[in-house]
Number of protein chains: 2
Amino acid sequence: MPDQKSGQDTRERILDIAERLFMENGYEATSMRMITGAAEVNLAAVNYHFGSKEALLREVFRRRLSWLNGERLVALDKLEAQAGGAALKPSQILEAFFGTLLRMGEDESLGGMTFLRLLGRTLTEPAEFIRTFFAGEYAQVIDRYKLALFRALPDVPKAEIVWRLHFMLGAMSYAIAGTDVLQVVTGCGLGDLAGEGGSDGAGDTALARRLAQRLMPFLLGGLRAPLPQLLDVAHKPAVTHDGAGVQIHDSGINAQNQ
Amino acid sequence: MPDQKSGQDTRERILDIAERLFMENGYEATSMRMITGAAEVNLAAVNYHFGSKEALLREVFRRRLSWLNGERLVALDKLEAQAGGAALKPSQILEAFFGTLLRMGEDESLGGMTFLRLLGRTLTEPAEFIRTFFAGEYAQVIDRYKLALFRALPDVPKAEIVWRLHFMLGAMSYAIAGTDVLQVVTGCGLGDLAGEGGSDGAGDTALARRLAQRLMPFLLGGLRAPLPQLLDVAHKPAVTHDGAGVQIHDSGINAQNQ
DNA sequence: ATAAAATTAAAACGAACGTTTGAACGATGC
DNA sequence: GCATCGTTCAAACGTTCGTTTTAATTTTAT
């Protein structure tokens, strides 16, 4: 076999290593020397191939997100074509949006859980260049799915849907990023719950699958929860508004097929 | 009035400024010189009062979290005393846990939305010392609330409850941290939805209140969603398991008072 | 084969990082 | 008065950061 350094290969190896190291340490705490050292390429290779550290991070995401969001648009197109003008079901929309993402976690060639964790963590990074980059990458997809949800839930105020879209994105991102973060907080890791604990190997794809099975019902339950009865916000109850205005049901588990 | 530099005051000013800067830039991207410069204290003051940058971050969280988690335990104690041995309602538990936190966002003297955003973002920071610190701060509270949820939902497998606890923590953290992050992604900020956009001032406390009103129904809806029908995970459907095994209801919004 | 272009290599750049030092300051107690 | 102790100060420490430079090397095209 030929020596593994054949031009284009350097680029890919840098991207793969950077993806993993950014996930493990975060953007700021990952140095160029760590990346080039682990990738066994020269320090100057990153600046030659990508221009800067910022551009490297953007490319790490771009190669995955362009595929992901493309798939998401295709999935939505397909659903809407099948529906033939009728509104989609919320579960279909969520499956298309979140299922497509979670399926990346099962495919190592698409980045696997490494990329999913990186994505979940980076969404909260405050750096300006990251946020504007994500805005551009997500603009089209979010807009399409937002409209689909508006049509699917015509009786729910649009502002409420946007709030719940935020909540769903958050639940998903943390569930992913937190498979080795929140487990420390809750003292009970999802890795344990999923059977195997390793952060690499075959256990990860199994984790992605179980995560999807658990996450989708939760998201749908939240999306379709009773609407809050909004208070007059000008008035200030200040200290204890303990649940007032939030009319909620409290029996066991919702009916399976209502 | 006396000069504002009177010993103990330096500590507090450093903590307040560090809290804001860590929130705005993240831990790694916030330098000691940024902190001491903005706080108008000498560069060495941080190392003198706290020992190191890591210890400063820990103290920033400790002064808020010890209060928060103390309040959470008190709230749970009070609820369980009222219930007199009976299991609590899920909504009571969520209100005690998440409501206590969200009420911090309305009180500037408790850190306000600045601390809430910092908390949401820092939960995904991968640095080891941060995670072990959070583990210690949260261990007791999470354990108590986990048990309360187990009792409140006796028919739900405990593993499922832990999963959904993760999801709820994620939804909350992102909803908070993302009031100026995810708005870029969704193209529709929660600040706009809440009426005012400023990241400081009176608009923030209003945001915290509306956030609570929106978030609690969502969380409860997710917590009480129908259980997933688990597949045999040894078998691998690989590419398209599109929603199979996730039995979900799909009509409009759940009944308000079922 | 040979010129041109693309890539890799080694070394150095200035800047910024967290931390430490040792002296000066200011209040307090005797 | 003076010694004391907690605090502040300016300056410097050694290290690491992202990036650049210049030359050597490999690949590509004619």
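What you see is a predicted model, and the numbers here were worked out from it, not measured in a lab. Numbers restart at 1 for each chain; the letters A, B, ... are given by sequence-line order, proteins then strands.
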Task: B/T10 side chain near D/dT7 phosphate (N/O to OP1/OP2, under 4.0 Å) - done: no
TODO: Output yes when a side-chain donor or acceptor of A/T30 lies under 3.5 Å from a complementary backbone atom of A/L21, and no otherwise.
DONE: yes
Open item on the list: Without decimals, in angstroms, what is the distance between B/R11 CZ and D/dT8 P?
Closed with: 11 Å
Open item on the list: For C/dT8 and A/H49 - does any side-chain N or O of the residue sit under 4.0 Å from the phosphate oxygens OP1/OP2?
Closed with: yes
- [ ] Return yes if some donor-acceptor pair links the side-chain N/O of B/R214 with the main-chain N/O of A/R164 below 3.5 Å, else return no.
- [x] no
- [ ] Provide, to the nearest angstrom, the distance between the CD atom belonging to B/E54 and the P atom belonging to C/dC17.
- [x] 17 Å
Task: Minimum-distance nucleotide (side-chain atoms of B/N42 versus D/dA10, C/dA9, D/dT7) - done: D/dA10
Task: ring pair (Phe, Tyr, Trp, His ring centres under 6.0 Å) against A/Y145, all qualifying residues, sequence neighbours excluded - done: A/F97
Open item on the list: Could you check whether any side-chain N or O of A/R117 sits under 3.5 Å from a backbone N or O of A/M23, counting only pairs where one atom can act as donor and the other as acceptor?
Closed with: no
Open item on the list: Between C1' on C/dA9 and CD1 on A/I14, what's the gap in Å once rounded to a whole number?
Closed with: 14 Å
TODO: Return the value, rounded to whole Å, for the distance between atom CD of A/E40 and atom C1' of C/dT8.
DONE: 15 Å
Any N/O pairs under 3.5 Å between the protein and nucleotides 15-18 of chain D? List them or say none.
{"residue": "D/dC17", "atom": "OP1", "partner": "A/S31", "partner atom": "OG", "Å": "3.3"}
{"residue": "D/dG18", "atom": "OP1", "partner": "A/K53", "partner atom": "NZ", "Å": "2.6"}
{"residue": "D/dG18", "atom": "OP2", "partner": "A/M32", "partner atom": "N", "Å": "2.9"}
{"residue": "D/dG18", "atom": "N7", "partner": "A/R33", "partner atom": "NH1", "Å": "2.8"}
{"residue": "D/dG18", "atom": "O6", "partner": "A/R33", "partner atom": "NH2", "Å": "2.7"}

Open item on the list: Between B/K53 (side chain only) and B/V46 (backbone N and O only), is there a donor and an acceptor less than 3.5 Å apart?
Closed with: no
- [ ] Calculate the interatomic distance between B/Y48 atom OH and C/dT21 atom P; express it in whole Å.
- [x] 15 Å
Open item on the list: Students often mix this up, so state it plainly: with edges at 30° and 60°, are the rings of B/F218 and A/F218 parallel, tilted or perpendicular?
Closed with: perpendicular
